[in-house]
Amino acid sequence: MGEEDATFFPLKVKGSLIKLVYFSTNSVDSSSSSNESLAASNGDRGRHVLEGKLHFAKFETEKINDCIDFIRSKQLLLAGSQQEGASGSAKCVIKATGGGAYKFPDLFKEKLGISLDKADEMDCLVAGSNFLLKAVQREAFTYMDGQREFVKIDHDDLYPYLLVNIGSGVSMIKVDGPGKFERVSGTSVGGGTFWGLGKLLTKCKNFDELLELSHQGNNRVIDMLVGDIYGGMDYTKIGLISTAIASSFSKVISDDKELKDYKPEDISRSLLRMISNNIGQISYLNALRFGLKRIIFAGFFIRGHAYTMDTIAVGVHFWSKGFLGALGSFMSYEKHGFDDLKVHQSVQQSPAGDDPPNGELNENQSIDCSVYLSQ
């Protein structure tokens with residue numbers, strides 16, 4: 001792979017997307033004196049330090065062969081065998097989580113000659129969240145009124161928190177500490193709902209196209225607002241402004257129009273608003289239920305998309321009257337700590353200070369990091 005050698009690559013295979021993470025070591029000698037000093041300063045003299053990057057790639061599950069071709073092109077299998085000190089003919093096993101780990105093991109065996117070692121999905125999700133919040137600077141941020149403010153995580157005050165993972169569906173997990181968590185709620189209305197309904201209603205072929213449409217849309221053409229009911233006025237007695245959505249998609253009931261008469265971008269905007277509002281409200285209610293002061297939103301549905309984050313944040317802010325802090329983060333992929341690796345120092349996103357375009361992590365994004373092999 002040129003100047004880098006890929007080593008580990010866990011997979012998450014879900015109903016809509018496949019996420020792949022792989023670690024590549026730098027070409028420099030990882031047993032250099034500087035690395036030995038780092039290990040010694042952390043009380044780990046004698047342990048092998050690896051300098052390199054974590055890379056992130058995504059694929060649509062229906063195009064799983066693209067993922068398989070990517071693994072071949074990056075020679076990840078060869079590097080993984082070398083890391084284990086095995087010959088090319090030896091059995092190759094990789095970590096995998098998500099429903100696809102149970103659905104596609106025969107395909108990976110047939111195409112790549114590898115076995116999938118199934119890891120529990122919730123364990124991986126929570127471990128990845130804790131890792132990012134503790135190890136990666138500028139990973140978490142608050143978002144309100146279009147303004148992003150990065151949050152410095154106090155390791156002594158991280159727990160408990162509510163982790164809202166928005167994938168095809170939504171899982172809400174109360175995290176009390178490392179390895180201590182409980183799935184307390186969820187909803188089937190998530191990113192897959194947005195993608196599926198959007199595909200039916202707008203003919204968009206992929207998630208990115210649907211999101212791009214929502215940028216250009218006007219949901220007021222589709223949604224019934226409080227002002228539509230009260231003659232353009234606020235309903236001040238119960239704290240509803242005129243522009244608040246009273247009922248999603250309801251304005252089309254009184255319109256003598258067909259689907260073709262509505263702009264796809266307006267439909268996309270309304271759909272995104274409906275789902276994001278719903279997730280924000282349910283999240284707040286669960287935080288209230290358990291007395292949690294912090295909500296962390298994660299998952300591919302967010303991806304740093306400004307309107308999505310703004311809608312979720314507004315929903316939480318409205319119901320909590322501003323007293324609950326909502327954290328958004330670029331945890332689009334579950335970067336679960338590999339079994340034989342531990343982070344020994346904070347890692348920084350590369351390039352430093354740059355946000356991934358549209359919040360998306362792909363094979364061109366990476367995190368510089370140093371890890372050491374456990375004994």
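The basis for the numbers below is simple: all heavy atoms, side chains too, and nothing from hydrogens, waters or symmetry mates.
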Shared hydrophobic cluster for Ile282 and Phe290 (ILVMFWY, side-chain gaps under 4.5 Å): yes
Residues in side chain to side chain donor-acceptor pair (under 3.5 Å) contact with Thr243, at least two apart in sequence or another chain: none
Side chain to side chain contact (heavy atoms under 4.5 Å, CB included) between His215 and Glu212, intermediate numbers included: CA-CA 5 Å; His215 275 289; Glu212 185 59 34; 3.9 Å; yes
ILVMFWY cluster, Leu200 and Tyr262 together (side-chain gap under 4.5 Å): no
ring-ring contact (aromatic ring centres under 6.0 Å, His included) partners of Tyr102, counting only residues at least two apart: none
Heavy-atom closest pair, residues Ala101 and Lys118: O-CE, 3.2 Å
Pairs involving residues 253-274, ordered by first then second residue, that meet salt bridge (Lys or Arg N to Asp or Glu O under 4.0 Å) (sequence neighbours left out): none
Residues Tyr159, Asn130; criterion side chain to side chain contact (heavy atoms under 4.5 Å, CB included); working and verdict: CA-CA 10 Å; Tyr159 309 108; Asn130 291 338; 3.3 Å; yes
With sequence neighbours excluded, residues passing ring-ring contact (aromatic ring centres under 6.0 Å, His included) with Phe249: none
Set of salt bridge (Lys or Arg N to Asp or Glu O under 4.0 Å) partners for Asp66, sequence neighbours left out: none
Residues which pass salt bridge (Lys or Arg N to Asp or Glu O under 4.0 Å) with Asp156, listed by chain and number, not counting sequence neighbours: none
Flag side-chain contact, heavy atom, 4.5 Å: Leu17 against Phe207: no
Pairs satisfying salt bridge (Lys or Arg N to Asp or Glu O under 4.0 Å), at least one member in residues 161-179, at least two apart: Lys174-Asp176
Whichever hydrophobic residues join Leu225 through chains of side-chain contacts under 4.5 Å: Ile245
Close side-chain approach of Lys293 and Asp157, heavy atoms under 4.5 Å: yes
Same apolar cluster (I L V M F W Y, side chains within < 4.5 Å links), Phe300/Phe141: yes
Sequence neighbours excluded - side-chain hydrogen bond (donor to acceptor under 3.5 Å, both in side chains) pairs with any residue from residues 184-205: Ser185-Asn286
Minimum heavy-atom distance between Lys134 and His155, given as atom pair plus value: O-NE2, 3.1 Å
Parallel, tilted or perpendicular, as decided by the 30° and 60° cut-offs, for the rings of Tyr230 and Tyr235: tilted
Heavy-atom pair of closest approach, residues Ser268 and Phe194: O-CE1, 3.7 Å
Pairwise distance OG(Ser283) to CD1(Ile296) - rounded to 0.5 angstrom: 12.0 Å
pair Lys58-Leu20: side-chain heavy atoms closer than 4.5 Å: no
Positive for side-chain contact (heavy atoms from CB on, under 4.5 Å) with Val170, one of Asn278, Ile279, Asn165, Ile275: Ile279
Under 3.5 Å donor-acceptor, Thr97 side chain and Glu121 backbone: yes
Check against side chain to side chain contact (heavy atoms under 4.5 Å, CB included), Leu162 and Tyr284: CA-CA 9 Å; Leu162 184 69; Tyr284 165 69; over 6 Å; no
Connected via hydrophobic side-chain network under 4.5 Å: Ile238 and Val226: yes
Any Ile312 side-chain heavy atom under 4.5 Å of Val164 side chain: no
Short side-chain to backbone donor-acceptor contact, Ser168 and Gly191, under 3.5 Å: no
Whether over 12 other heavy atoms sit under 6.0 Å from Lys63 NZ: no
Side chain to side chain donor-acceptor pair (under 3.5 Å) partners of Ser270, counting only residues at least two apart: Asp223
Path from Leu201 to Leu213 over hydrophobic side-chain contacts below 4.5 Å: no
Value rounded to 0.5 Å, distance of CD1 in Ile71 from CZ in Phe59: 7.5 Å
Stepwise side chain to side chain contact (heavy atoms under 4.5 Å, CB included) test for Asn65 and Lys111: CA-CA 9 Å; Asn65 285 321; Lys111 299 286 188 179; 4.0 Å; yes
Side-chain touch Ile302/Met309, heavy atoms, less than 4.5 angstrom: yes
Salt bridge (Lys or Arg N to Asp or Glu O under 4.0 Å): pairs with one or both residues in residues 226-251, sequence neighbours excluded: Asp228-Lys251
Residues that Thr308 engages under side chain to side chain donor-acceptor pair (under 3.5 Å), provided they are two or more places apart: His305
Shortest non-hydrogen contact from Asp117 toward Lys95: OD2-NZ, 3.0 Å
Residue pair Ile173 / Val184, side-chain heavy-atom distance below 4.5 Å: no
